[in-house]
Amino acid sequence: MMEDIWKKRSAHYQKKMIRYSKYILNDHFVIVFLFLFGALGYAYSELLKTLSETVVYGRIIAVFYLTCLTLIGKLATFLKEADSVFLLPKEKELKGYLQLAKRYSMMLPVVVIVFGTSIIMPLLVATSSFKFTDTFFFVVYLIVIKNIELEIQHLCMKISFKQVRIKIKIVFLIVSFIGSFLLIFLSPLVGIIYALLLTVLWFNYGIKYRDYFLYQWQSMVKDETTRVQRIYQFINLFTDVPIMKSTVRRRRYLDFFLNKSKRQHEKTYNYLYTRAFLRGTEYSGLFIRLMLIAMVLILFAEPFVLQLLLALLFLYLTGFQLIPLYFHFDNMAMAVLYPIDSLQKLKVIKQLLVNLLLTESLGIIVISFVRLSLLEVALLGAALILFSFLFSYFYLPSRINKMVKTQRR
């Protein structure tokens with residue numbers, strides 16, 4: 001029974017993700033991603049040319065990097081709220097269900113591990129005695145450690161106290177860090193032996209310890225809901241996800257910006273869109289993250305042409321990802337019944353977006369003073385300001401019209 005439930009739910013989930021993937025992997029996203037990957041790859045290759053085997057921090061960075069790789073990927077259980085009632089009598093069979101979940105959940109981490117290891121290996125080859133053939137040993141080590149990490153997630157599903165779960169995860173993090181240290185500073189074989197030893201200890205003692213406890217259904221359902229909502233938040237940047245539950249935060253310290261938006265009939269959407277941006281984590285959080293990433297990349301990237309292209313790229317990403325804000329109130333009945341000209345929506349979203357892009361441009365310009373000359377800063381600023389207006393007043397209206405036509409089909 002539990003195996004059949006797993007097959008149905010995993011098939012339904014995969015079908016849903018395939019349907020959404022056509023909106024994510026659109027022409028704009030693929031082109032921008034390839035451009036960004038190429039720019040970062042070029043900057044990375046130029047950095048490697050300046051390094052030698054006497055540079056120690058390359059291996060230190062690799063230790064932290066590999067440790068973080070083992071944390072990517074959550075245990076996908078596909079549990080629902082009603083399961084805490086209707087599947088409770090089948091709790092003894094849940095162990096087999098979660099084993100299927102673990103096999104499924106290993107697929108994404110394996111891909112990330114292979115890709116992530118191929119990124120860090122050039123740095124290790126340039127700063128130490130490693131060879132590219134050692135990539136195989138790194139991948140094997142990380143997969144074994146990731147398998148243990150998923151088992152730890154399984155264990156935490158039976159721990160009722162949050163503090164205990166946090167302590168268990170911290171212990172695993174320390175153990176994983178030690179393994180990465182042995183892998184990098186001693187030998188890949190030592191790292192693999194260490195990982196295999198941990199696996200033997202886990203299956204001899206850890207599983208027996210886990211079997212003493214009962215599953216915490218409410219906690220499991222909550223964690224799965226959080227995991228799925230994070231995926232939907234990403235998809236929602238490209239298309240509407242009806243079942244997504246967005247979170248809203250009060251944020252009194254931002255009331256200053258709302259007070260500037262006068263509550264007048266002709267400025268209805270000024271207030272609504274400003275409020276939605278400030279209080280909706282899917283908009284303000286995205287804007288802050290992209291702006292900070294852009295500023296960090298500008299700080300370390302070179303030459304100037306690459307910095308300029310990265311800055312323009314992140315302005316485009318910010319603007320493109322904020323376009324769904326235009327449709328934020330479409331499902332609210334009162335917004336449709338308002339006796340307001342529909343053109344006001346487009347006018348306000350253009351004003352809001354140009355202000356946000358100019359704010360991000362200001363942050364990039366300020367941080368660029370650290371690395372660039374005054375002339376380069378002036379050129380960068382002019383390009384960013386021009387792009388902000390072109391995007392908001394020319395590209396944005398045409399993109400919204402295209403999205404509206406697509407929704408009406």
Side-chain angles (χ1 to χ4, degrees), residues 29-72 108-143 145-146 176-192 195 289-314 316-317 364 367-373 376-377 379-380:
F29 182 77
V30 172
I31 292 173
V32 169
F33 179 79
L34 291 176
F35 182 83
L36 177 61
F37 184 76
L40 293 177
Y42 173 77
Y44 186 39
S45 63
E46 291 297 311
L47 174 65
L48 292 176
K49 293 177 182 178
T50 63
L51 303 178
S52 63
E53 292 190 7
T54 58
V55 178
V56 181
Y57 65 80
R59 285 180 288 175
I60 296 175
I61 292 173
V63 171
F64 286 95
Y65 177 83
L66 295 178
T67 303
C68 292
L69 277 183
T70 62
L71 302 177
I72 296 176
L108 177 61
V110 168
V111 174
V112 173
I113 285 170
V114 172
F115 182 73
T117 305
S118 64
I119 292 176
I120 199 64
M121 282 308 296
L123 177 63
L124 290 173
V125 171
T127 59
S128 61
S129 59
F130 286 108
K131 300 178 181 179
F132 284 107
T133 53
D134 293 325
T135 304
F136 172 77
F137 299 105
F138 279 68
V139 170
V140 171
Y141 162 81
L142 291 171
I143 290 176
I145 292 293
K146 182 59 190 178
S176 178
F177 181 85
I178 293 172
S180 299
F181 184 88
L182 296 175
L183 183 79
I184 298 295
F185 284 92
L186 291 184
S187 169
L189 289 177
V190 174
I192 292 176
R289 286 193 297 270
L290 286 176
M291 183 172 70
L292 291 177
I293 292 173
M295 292 170 66
V296 171
L297 288 177
I298 295 301
L299 189 60
F300 293 99
E302 55 182 23
F304 170 70
V305 175
L306 178 60
Q307 293 173 318
L308 175 61
L309 293 175
L310 285 174
L312 292 174
L313 175 61
F314 272 87
Y316 172 80
L317 284 174
I364 294 173
I367 202 70
S368 65
F369 276 102
V370 179
R371 297 290 303 275
L372 303 179
S373 64
E376 290 174 333
V377 171
L379 291 174
L380 177 65

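Along the sequence shown, residues carry numbers from 1. Keep in mind that the numbers below use all heavy atoms, side chains included, and drop hydrogens, waters and symmetry copies.
Of all non-hydrogen atoms in Tyr65 and Gly116, the two that sit nearest each other are OH-O, 2.9 Å. For the residue pair Ser118 and Pro122, the shortest heavy atom distance occurs at O-CD, 3.2 Å. In terms of heavy atoms, Phe130 sits closest to Leu183 at CZ-O, 3.7 Å. The minimum heavy-atom distance between Thr127 and Gly58, with the atom names listed, is OG1-CA, 4.0 Å.
Contact of the Ser187 side chain with the Phe137 side chain is not registered, since no non-hydrogen atoms from C-beta on lie closer than 4.5 Å. The side-chain heavy atoms of Leu123 and Tyr44, taken from C-beta on, include a pair separated by under 4.5 Å. Side-chain contact check for Ile364 versus Leu380: some heavy-atom pair is nearer than 4.5 Å. Proximity of Leu66 to Phe181: side-chain heavy atoms (C-beta onward) are nowhere separated by under 4.5 Å.
Looking at Tyr141, its side chain never comes within 3.5 Å of a backbone N or O of Val190 through a donor-acceptor pair. At distances below 3.5 Å, not a single donor-acceptor pair connects side-chain atoms of Lys146 with backbone N or O atoms of Leu69.
Residue Ile61 holds its CD1 atom at 10.0 Å from CG of Leu124, rounded to the nearest 0.5 Å. Atom-to-atom distance recorded for Ile113:CD1 and Ile72:CD1 is 8.0 Å, nearest 0.5 angstrom. Going from atom CG of Leu372 over to atom CD of Gln307 covers 4.5 Å, rounded to the nearest 0.5 Å. Phe304 contributes atom CZ, which lies 9.0 Å from atom CD1 of Ile298 (distance to the nearest 0.5 angstrom). In this structure, Ile145 CD1 and Ile143 CD1 are separated by 11.5 Å, a value rounded to the nearest 0.5 Å. Residue Leu317 holds its CG atom at 14.5 Å from CE of Met291, rounded to the nearest 0.5 Å.
Side-chain contact, Thr67 with Ser180: a donor N or O sits under 3.5 Å from an acceptor N or O.
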Margin query: For a side-chain contact (heavy atoms from CB on, under 4.5 Å) check, start with the C-alpha distance between Thr70 and Phe177, then their side-chain angles and the critical distance, and finish with the verdict.
Written below: CA-CA 10 Å; Thr70 62; Phe177 181 85; over 6 Å; no
